[in-house]
Amino acid sequence: MKRLAWWLIRAQFQTRRTATALSMLAIALGVALGYAIHLINDAALADFSQAMKSVQGEPDAVVAPQDSAGRVPLALINELAQDEGVALVVPVIETRVRIGELAVRLVGLDVFSAGLLMPDLLPRQGAAISGDNIFEDGMYASPALLARLGSKVPEGTHRAGAGVTATRGDATWSTRIAGDLPAARPDDLLLVADIARVQAHFGPPDGVSEGRIRLAPDTKLANWLAAWKDRLPPGLTLRAAADNQARLSNISRAYRVNLNVLAMVALLTGGFLVFATQLTAVAQRSTQFALLGVLGLAPRMRLAQVLLEGLAIGVPGAAIGLALGWAMAVAFTRLMGGDLGGGFFSGSAPVIAPEALPALGFFSLGCAASLAGALYPAWLNRMQPLAQALKTGFAQRPPHQDDSPRQRGGKVLAVALVAGAALALTQAPAVFDLPLAGYAAIALVLVLGIAAAPLVTQRVFAALARRELAAAERVAVQNVGQAPLMAQVAASGLIVSFALTVSMVTMVSSFRVALEQWLDAVLPAPYYMRSKGLPLPAELLAALERPDAPFARVERMAVGTASLDPQRPPVAVLVRELDRADPSARLPFAGEVFTAPAGNIPVWISEPMQQLYRLQTGQTLRLPLLGREVEVFVGGVWRDYSRQFGAVVIAAVDYRALGGRVEATDLALWPRRDAGDDATAQRWVREQAARHGIDGVGSGEIRALSLDIFDKSFAVTYALEAAAMLIGLFGLAVTLAASVWLRARELATLSALGFDRAMLTRAVMLEGALIAAIGLAVGLACGIAVGAILTHVVNPQAFHWRMDLQIPWLQVLPGAALTLAAGIMASRFAARQATRLPAAQVLASAQ
Amino acid sequence: MLSIANLSKRHPHSARPVFSGLGLAVAAGEIVALVGESGVGKSTLLNCIAGLETADAGAILVGPQAKDIVRLDEAARAALRATGIGFVFQAFHVLPTLTVAQNVAVPLLLSGVAAREHAPRIESLLARVGLAGFGPRWPGTLSGGELQRVAIARALVHRPALILADEPTGNLDPRTADEILTLLLERVREEGASALIVTHSQHVAQSCDRILTLTPDGLQ
């Protein structure tokens with residue numbers, strides 16, 4: 001029996017090479033995409049986690065301020081050190097400084113205690129150094145930093161002993177490189193110095209950035225954390241170090257899930273190709289399978305044979321997919337880094353390390369998609385009436401011809417129920433911060449489209465059939481009107497592929513239009529300068545104050561962070577010079593803006609922050625600020641497409657009133673209106689940016705760059721859309737060809753009755769056009785619905801971005817016309833195939 | 001070898017039964033011709049005997065073990081066809097994607113005959129139907145008469161007790177039809193099988209041991 005199965009599989013592969021190879025390729029692509037995303041993300045997370053561990057060491061818990069302007073008081077560090085449950089507390093000051101044009105992380109630590117917890121940061125004294133060391137006034141640089149500094153100073157002086165000046169805002173520390181950090185990771189730009197020296201030069205004066213804690217061996221972490229929870233001063237957080245891992249994973253989760261959904265779409269299209277290929281294969285071999293059934297091949301074996309053939313496509317397809325996925329992962333990490341351009345793990349250089357279990361999982365997924373595609377054709381093959389199939393070939397039962405009114409009612413009710421369920425799912429909240437209900441709603445919309453297509457077809461064509469039609473048109477309308485299986489399959493392929501294409505185009509277009517409007521709103525000034533996470537150089541700020549600075553108006557912004565939930569990435573705290581009575585002049589609000597009651601400090605939160613922390617306009621909020629919790633009033637919610645994890649704006653005047661010092665990191669600059677000052681301003685910005693190694697650009701450039709990044713990051717979706725449409729068209733071509741093949745005798749009979757070749761061609765082409773038109777019409781409706789779900793449900797739930805729906809008719813309608821034309825061309829090919837043989841020969845050989 | 005009692009069959013949506021209370025017996029080694037007008041139900045009767053269509057009532061006992069195919073489920077009917085029945089069709093029905101030898105091997109694979117017996121049986125039978133050396137050839141290269149010879153070899157290779165033939169010479173020219181008929185009868189007799197041959201040809205019918213005529217009133 002195995003031998004017979006093998007003969008049939010081999011024959012199938014030999015006679016349907018193109019279709020089989022394409023199905024295999026589609027499965028391979030789906031598996032490859034999913035597996036590559038998994039490998040890249042896994043490697044990036046592991047790499048990033050390793051990098052974090054290298055700098056943070058391996059503490060059990062960390063005490064830290066909730067906001068970036070806060071500090072951990074030394075008194076608390078002492079108190080923790082005296083706790084019996086604590087084996088070791090390592091105080092750390094971590095800050096960013098500028099060395100020339102480089103922004104570098106500077107870690108101040110106590111070398112004795114840190115050596116036990118953070119061995120990767122242990123410094124090594126330079127051999128040539130006699131005086132300066134970590135107890136005196138030196139810094140230790142990572143190998144990567146030493147290499148970078150070497151290109152900036154005369155040859156030979158980059159070694160230990162070279163002079164170095166670190167600046168942060170108006171603070172400066174000139175010292176020497178006293179040695180290196182031999183265990184630092186190869187790509188880390190890192191400086192280590194004595195904590196007291198760092199504190200003396202860059203602060204904070206009476207505290208540290210973090211206390212990293214190793215518990216005594218018999219102390220239970222959860223109990224110890226719970227005991228300390230109420231003793232902690234406000235503005236501080238004590239968290240398990242493992243939370244860092246969760247936070248890390250949360251950073252890219254939605255992005256990953258969305259990429260994986262795209263991979264699943266690719267896999268599903270692969271499954272659809274297997275379905276179309278196997279269905280046509282079953283239809284074309286129905287007489288052969290019927291013969292085998294007559295000769296004694298058991299019904300379950302007829303089913304199993306088609307499933308086996310599906311598996312024979314899936315197994316090599318999935319295996320190729322794994323190899324391709326690995327190659328893609330290696331290539332992408334080299335070209336785009338570990339986050340596929342997502343911007344989450346910039347700087348990481350992950351090493352792809354495949355593991356058996358995930359590989360097996362993705363292999364199984366590929367096989368399962370292929371098997372699922374073969375399931376219905378296998379079942380049809382199992383159910384074919386043997387005697388009839390042997391005599392007249394594949395039985396394409398017009399599925400709805402004999403429906404009773406009750407059955408019809410039942411079908412309409414089922415369609416309505418599916419539509420209701422889809423609608424209900426769009427209202428459901430995110431599950432684990434993922435839009436799972438939204439994805440389920442999308443699947444239901446596609447099911448709805450496929451299920452509704454035969455009903456629509458019958459209604460439309462029943463009406464058409466009642467009209468006076470020429471013979472060729474009559475044949476086409478009658479045939480499509482009965483919605484035979486092949487027509488349904490062809491239409492389904494187009495419905496799904498066109499719906500996915502329209503939905504993606506709609507979502508991307510909605511997002512792009514929203515982004516353009518947002519950029520217009522958030523970039524009111526002609527020029528911007530930005531330091532990379534560091535306070536702007538004091539020299540630059542001083543230059544702006546001089547009378548010869550060519551600016552009429554300068555607005556400063558300081559960027560910090562605040563942690564509202566230890567398992568989530570912190571929100572950005574933006575301290576801005578804006579008119580607190582008219583924040584709308586600077587922030588693109590979505591919804592009402594409330595004036596804060598007297599005595600309250602107003603803040604304005606971004607949409608992601610509103611959704612992540614379930615906040616509302618008009619409520620008060622205890623915001624970690626300046627090392628304590630400050631009660632603030634949420635005055636409004638503004639649209640933000642740049643900070644996915646939330647942002648809150650506070651007026652600089654309020655921040656200063658709370659005791660904060662605004663260390664500007666960003667500048668918005670309006671040139672003076674005098675003639676020629678725009679060019680002067682532009683020159684000034686460029687010169688200052690180059691001198692200080694910061695960004696300085698015009699708003700137009702930011703706009704163009706943002707849109708360019710947007711277009712690049714969605715390039716993969718355009719490629720998927722093209723692939724989906726090609727697969728849909730391929731499905732149409734294959735099923736039309738099979739349909740025509742199955743009706744060869746009918747067409748030959750028509751020919752014998754007086755249809756000439758042109759009439760037959762016209763009839764078949766019209767059939768193809770009608771099927772394509774139905775597929776496109778239903779696909780368009782489904783696509784708009786799916787696009788709306790992506791825009792209004794998936795995007796807000798996954799990325800916390802809201803936008804208005806924009807249907808790009810100028811792209812959609814020409815796309816539909818092109819697809820229709822391609823469909824007609826596919827039908828023409830099928831028609832030519834059908835009319836190639838002389839009718840007499842077809843009739844004579846027909847069985 | 002074949003015994004039918006009180007067999008009734010009505011097609012769905014049809015007021016008139018195809019046949020009702022039909023009885024028939026074919027002894028071991030006997031070759032019976034079944035004749036009748038078009039549409040009278042000859043092929044339906046053959047399909048019922050093979051278990052391809054289900055009878056509404058009655059019994060059809062097939063093979064030495066006299067299994068009632070009407071009472072068997074679909075899988076058991078397939079198993080009975082695989083081991084106990086050989087088929088020859090008007091339209092040959094040779095699988096185009098398998099070689100001649102592979103086509104003939106199909107019943108051996110389905111009936112579970114040991115693999116070591118396949119080659120000798122196939123070669124011997126192909127030689128006996130006049131196709132010695134045709135084993136590796138593809139069906140597309142054969143004439144109608146040659147294809148029907150392949151079909152006869154395939155019908156006999158697993159040594160079934162009963163051969164069902166539906167118009168086996170209907171698609172052949174008179175000279176080839178004669179050759180094929182002679183060959184079929186010779187080989188069936190040689191194998192000691194019984195046969196029921198549906199035919200419109202008086203010549204074919206007269207070559208059989210017995211002629212039965214199916215009419216709307218039953219078998220005569």
Side-chain angles (χ1 to χ4, degrees), chain A residues 1-17 20 281-282 284-305 309 379 381-393 395 397 401-402 741 745 841-847, chain B residues 11-13 43-54 73-99 101-113 115 118 138-140 144 151 154-155 157-158 160 164 166 171:
Chain A
M1 204 66 87
K2 281 182 201 159
R3 200 164 0 148
L4 179 61
W6 167 239
W7 286 347
L8 295 174
I9 289 172
R10 198 175 54 183
Q12 158 77 345
F13 277 26
Q14 280 171 349
T15 50
R16 305 176 62 81
R17 280 183 204 146
T20 307
V282 162
Q284 290 183 344
R285 292 181 301 163
S286 59
T287 311
Q288 296 174 37
F289 275 120
L291 173 71
L292 289 169
V294 170
L295 294 181
L297 186 68
R300 64 185 169 80
M301 295 306 295
R302 296 202 299 277
L303 181 120
Q305 180 63 34
E309 289 175 5
W379 181 80
N381 193 42
R382 155 79 178 79
M383 299 308 287
Q384 285 288 302
L386 294 179
Q388 188 190 333
L390 197 61
K391 208 168 177 180
T392 57
R397 187 173 58 92
Q401 207 170 44
D402 300 320
W741 188 91
R745 189 161 54 165
Q841 189 183 329
V842 174
L843 285 172
S845 65
Q847 295 159 15
Chain B
H11 287 308
H13 312 300
S43 293
T44 304
L45 177 59
L46 221 56
N47 286 341
C48 287
I49 294 170
L52 302 175
E53 286 187 52
T54 48
D73 64 18
E74 204 181 348
R77 292 201 300 269
L80 181 58
R81 285 197 298 273
T83 53
I85 305 177
F87 295 88
V88 182
F89 305 96
Q90 178 180 359
F92 321 138
H93 288 311
V94 175
L95 296 169
T97 54
L98 303 187
T99 63
Q102 287 173 338
N103 264 285
V104 179
V106 168
L108 297 175
L109 293 168
L110 293 175
S111 58
V113 173
H118 290 194
W138 294 97
R154 186 182 61 196
V157 73
H158 56 308
L164 297 176
D166 191 358
N171 272 7

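These numbers come from a predicted model, not from an experiment. We name chains A, B, ... by the order of the sequence lines, and we start the count at 1 in each one.
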Of all of Gln90(B), Gln102(B), Glu53(B), Arg77(B), which one pairs up most often with chain A through heavy atoms under 4.5 Å apart?
Gln102(B)
Heavy atoms, side chains only, cut-off 4.5 Å: are Arg154(B) and Leu295(A) in contact?
yes
Measure the shortest side-chain to side-chain distance between Trp7(A) and Thr97(B) over non-hydrogen atoms and say whether it is less than 4.5 angstrom.
no
Go through it in stages, so that I can follow the logic: the residues are Leu386(A) and Asn47(B), the test is side chain to side chain contact (heavy atoms under 4.5 Å, CB included), and I'd like the CA-CA distance, side-chain angles, deciding distance and then a yes or no.
CA-CA 9 Å; Leu386(A) 294 179; Asn47(B) 286 341; over 6 Å; no
Using a 4.5 Å cut-off on heavy atoms from C-beta on, say whether the side chain of Met301(A) contacts that of Leu110(B).
no
Closest non-hydrogen atom pair between Leu297(A) and Ala78(B), with its separation
O-CB, 4.1 Å
Which one wins on heavy-atom pair count under 4.5 Å against chain B: Arg10(A), Gln14(A), Arg382(A), Arg300(A)?
Arg382(A)
At a 4.5 Å cut-off on heavy atoms, which part of Ala155(B) comes close to chain A: side chain, backbone, both, or neither?
neither
Separation between CZ (Arg3(A)) and CG (Leu108(B)), nearest 0.5 Å, reads 9.0 Å
Heavy atoms only, distances under 4.5 angstrom: which of Ala290(A), Gly293(A), Ala298(A) has the most pairs with chain B? Name it, please.
Gly293(A)
Phe89(B) vs Leu390(A), test: side chain to side chain contact (heavy atoms under 4.5 Å, CB included). Steps then yes/no.
CA-CA 10 Å; Phe89(B) 305 96; Leu390(A) 197 61; 3.5 Å; yes
Whether Arg81(B) side chain and Val294(A) backbone form a donor-acceptor pair below 3.5 Å:
yes
